[in-house]
Structures are given as structure tokens and as C-alpha cells.
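The sequence lines fix the lettering, A, B, ..., with proteins before strands; numbering per chain opens at 1.
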Protein chains: 2
Amino acid sequence: MKKQGYTCGLDAAVDVVGGKWKALILWALHYAPLRFGELKRSVPGISEKMLIQQLREMETYGLVHREVHHQVPPKVEYSLTEFGHSLNTALIPLGDWGEKHMRTIEAIPRG
Amino acid sequence: MKKQGYTCGLDAAVDVVGGKWKALILWALHYAPLRFGELKRSVPGISEKMLIQQLREMETYGLVHREVHHQVPPKVEYSLTEFGHSLNTALIPLGDWGEKHMRTIEAIPRG
DNA sequence: CGGCATCCGAGAGGATACTG
DNA sequence: CAGTATCCTCTCGGATGCCG
């Protein structure tokens, strides 16, 4: 979250789901609640620092719910709120687009 | 563009449309081709440097077409390719989501 | 297991001035 | 008008180590 006074809906959405990881985390939680470790395995390449950082942000956004189970060993589950689910749904076409054009995208020269 | 070997479609899509500006630029070109100056005015807050930088990238991605009209004064028009249009279409639900929840998003405490 | 603290480099992105 | 060039700041994100 960076600014206020969005000029359009996409502007606001990008602000919420922006960055390298939030969309992927949201995606991973689509099917079921996951524990921290499970989530880490579900989002390949993410560091613990980024995962917890993004989760905290998404918690304050109201996208994600954090449930602590007081056990030994500790157990913390993350799940999507209704708000999170609605955003996830809005991301489906984008995911489909990416899947469809993945070959093309991978073939783009990088620099 | 950062990596190869995407784990899912959303991963690839985020890689293409990621960053602060690309989605907004794409959005601005949705209706009609725009000149550099028009585009700058259509994406409030963007600097000339970022605009040209993002446009160049999107050109190499094949999302945007750059047409130079040799005139005095110079005239350069940017338009979406079919590929760009398809991505734009995939972004519509996200834009709708953002519009719908804009009040909520603006009300989120920022850090 | 589920974190937090700290350090660090790279690059994203901004401001300003200049050019064909 | 449509860019370039330069400089600068600030955040993103990785690596590592420690804690209840």
C-alpha cells in the first residue's frame, strides 16, 4: 500500500495485490487453509522473511485470517477471508492468461 | 521479467504485468492508441523515465506497438497488440474488483 | 514449528536538466 | 513533442542467525 486517491479500479487492485508474492500466496490458499510451513512449500522460492511479511500485510488488508492453535509444537493456520476469496476470483482470468501464454512469456528475451 | 520455469499461470502473468506501472499503461491504451504525452497524462504520477522504460519493456514483450510518424513536431503513437489486448481483457475482473472495493482499500491503515 | 532481528546488495523508481 | 542522461533515494528481497 503506497498511496491514496486511486484513479481507477485497477490502480487500487495493483496496490493491494502488487509485489512479487501476494498473488501467489493468495493463490496457494485458494483450496484450503495452510500452515506456515505448508505455505512456504506451496510458494516455491519465497523466503521465510518475505512470507511472513506479506502475510502480515495481507492480514491488515483483511485478505487473510491467521488462526493460532496453542499446541506443542506450535500450529498456525492461514486462511482466506471472504474478501480474500473475492480477490482470488478476480485473479483467475489472469492466471488462465498466464497459463495459456506461458511458452510465449518464457521465450521473451530477458535482460 | 526475472526468471524462467513458472510454477503456475499466475506466476507468469505477475512476471509480465508486475511492477507499479505496466498494468496502468496497458489499461490506458485499452480504448485507443495514444501519443507519448497523452499517455503520460493518462497515467497520473508516472515520470517520463518510468513511462518510456516500461513502454520499452512492454514492446519487447510484444504487448505494445510503437509507431513513429516522421513529422515536425515528432509524433509517436503507442497501441496494444493482440497479445496486449488479451492481457488487458484478463485484467478486467481485477479492475472491477478494485473499483468495487476502492473505499475499503483506501480505508486500510498504511505503514 | 513458527517465527523475529539484522545486515546487505540490487534495482525500482523519483527529480532534474538537457537534446533533436 | 518525445525522448536522454545523470544522480539519488528507498524499498524489495535474499542470507543468516537466534528464540519460545
Side-chain angles (χ1 to χ4, degrees), chain A residues 1-5 7 11 14-26 28-29 33-61 64-79 110-111, chain B residues 1-7 11 14-26 28-29 32-61 64-79 110-111:
Chain A
M1 308 295 292
K2 302 133 202 171
K3 54 184 173 181
Q4 312 229 19
T7 53
D11 193 2
V14 164
D15 207 6
V16 169
V17 84
K20 195 174 174 180
W21 299 113
K22 290 205 186 70
L24 285 313
I25 296 173
L26 219 59
L29 289 173
L34 290 178
R35 303 177 58 168
F36 185 83
E38 296 171 327
L39 206 42
K40 182 164 151 58
R41 281 186 292 277
S42 299
V43 185
I46 195 170
S47 66
E48 291 186 355
K49 172 188 165 181
M50 290 316 296
L51 181 54
I52 194 64
Q53 188 174 299
Q54 303 299 302
L55 281 170
R56 296 280 192 242
E57 278 188 49
M58 293 164 75
E59 219 188 321
T60 74
Y61 296 179
V64 161
H65 174 68
R66 180 173 182 269
E67 182 101 28
V68 182
H69 302 263
H70 292 284
Q71 308 174 353
V72 181
K75 173 175 175 179
V76 181
E77 276 196 332
Y78 294 90
S79 56
R110 14 217 109 218
Chain B
M1 308 297 291
K2 303 133 203 169
K3 55 186 170 181
Q4 312 229 17
Y6 300 111
T7 53
D11 193 0
V14 165
D15 207 6
V16 169
V17 83
K20 195 174 175 180
W21 299 112
K22 291 206 186 70
L24 285 315
I25 296 173
L26 219 59
L29 289 173
L34 291 178
R35 304 177 58 168
F36 184 85
E38 295 171 329
L39 206 40
K40 183 164 151 57
R41 280 186 293 277
S42 298
V43 185
I46 196 170
S47 65
E48 291 186 354
K49 172 188 165 183
M50 289 316 295
L51 181 53
I52 194 66
Q53 188 174 300
Q54 303 298 304
L55 280 171
R56 297 281 193 240
E57 279 187 48
M58 294 164 76
E59 219 187 320
T60 75
Y61 297 179
V64 161
H65 174 68
R66 179 173 182 268
E67 182 101 26
V68 182
H69 302 264
H70 292 284
Q71 307 176 353
V72 181
K75 173 175 176 180
V76 180
E77 276 196 331
Y78 293 89
S79 56
R110 12 217 113 217

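Scanning all heavy atoms of the two residues, the minimum distance from A:Arg35 to A:Pro74 falls at NH2-O, 3.2 Å. Closest of all the heavy-atom pairs between B:Leu34 and B:Ser42 is CD1-OG, 3.6 Å. Minimum interatomic distance between B:Lys22 and B:Val17 (heavy atoms only, all atoms of both residues): CB-O, 3.9 Å. Closest non-hydrogen pair, A:Val14 versus B:Gly19, comes out as CG1-O, 4.2 Å.
End-to-end axis angle of the helix from C:dC1-D:dG20 to C:dG20-D:dC1, from C1' rotation axes over five pairs per end: 50° (rounded to 10 degrees).
As a whole-Å value, the separation of A:Gln53 CD from D:dT11 P is 12 Å. Distance A:Ile46 CD1 to C:dG3 P: 13 Å, rounded to the nearest Å. Regarding B:Glu38, its CD atom lies at a distance of 8 Å from the P atom of D:dA2, rounded to whole Å. Going from atom CD of A:Gln54 over to atom C1' of D:dG13 covers 9 Å, rounded to whole Å. Going from atom NZ of B:Lys40 over to atom C1' of C:dA15 covers 11 Å, rounded to whole Å. The interatomic distance linking A:Arg66 (CZ) with C:dG2 (P) rounds to 10 Å, in whole Å. Rounded to whole Å, the distance from CG on A:Leu55 to P on C:dG2 is 12 Å. Taking atom CD1 on A:Ile52 and atom P on C:dG3, their separation rounds to 4 Å, with Å as the unit.
Across D:dA2, C:dG3, D:dG14, the shortest atom-to-atom separation from the side chain of B:Val76 is found for D:dA2. Of the candidates C:dG13, D:dA2, C:dG2, C:dG13 carries the atom nearest the B:Trp21 side chain, counting heavy atoms from C-beta on.
Look at B:Arg35 and you won't find any side-chain N or O under 4.0 angstrom from OP1 or OP2 of D:dC1. Taking 4.0 angstrom as the limit, A:Tyr78 places a side-chain polar atom (N or O) nearer than this to OP1 or OP2 of C:dG3.
Side-chain contact between B:Val76 and B:Arg66: present, with at least one pair of heavy atoms (C-beta onward) separated by less than 4.5 Å.
Using a 4.0 Å heavy-atom cutoff across all strands shown, B:Gln71 reaches no nucleic acid atom at all. Nucleic acid contact class of B:Lys49 (heavy atoms, under 4.0 Å, all strands): base.
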Inset, instruction - Might you work through the side chain to side chain contact (heavy atoms under 4.5 Å, CB included) test for B:Gln53 and B:Trp21, ending with a clear yes or no? - result: CA-CA 10 Å; B:Gln53 188 174 300; B:Trp21 299 112; over 6 Å; no

Inset, instruction - Could you please spell out the steps behind the side chain to side chain contact (heavy atoms under 4.5 Å, CB included) verdict for B:Leu24 and B:Ile46? - result: CA-CA 10 Å; B:Leu24 285 315; B:Ile46 196 170; over 6 Å; no

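When the nearest nucleotides of DNA chain D are assigned to A:Glu48 and A:Pro74 by heavy-atom distance, the more 5′-ward of the two goes with A:Glu48. Comparing B:Arg56 and B:Arg41 along DNA chain D, the residue whose closest nucleotide (by nearest heavy atom) sits nearer the 5' end is B:Arg41. The 5' end of DNA chain C is approached more closely, in terms of each residue's nearest nucleotide, by A:Glu77 than by the other of B:Ser47 and A:Glu77.
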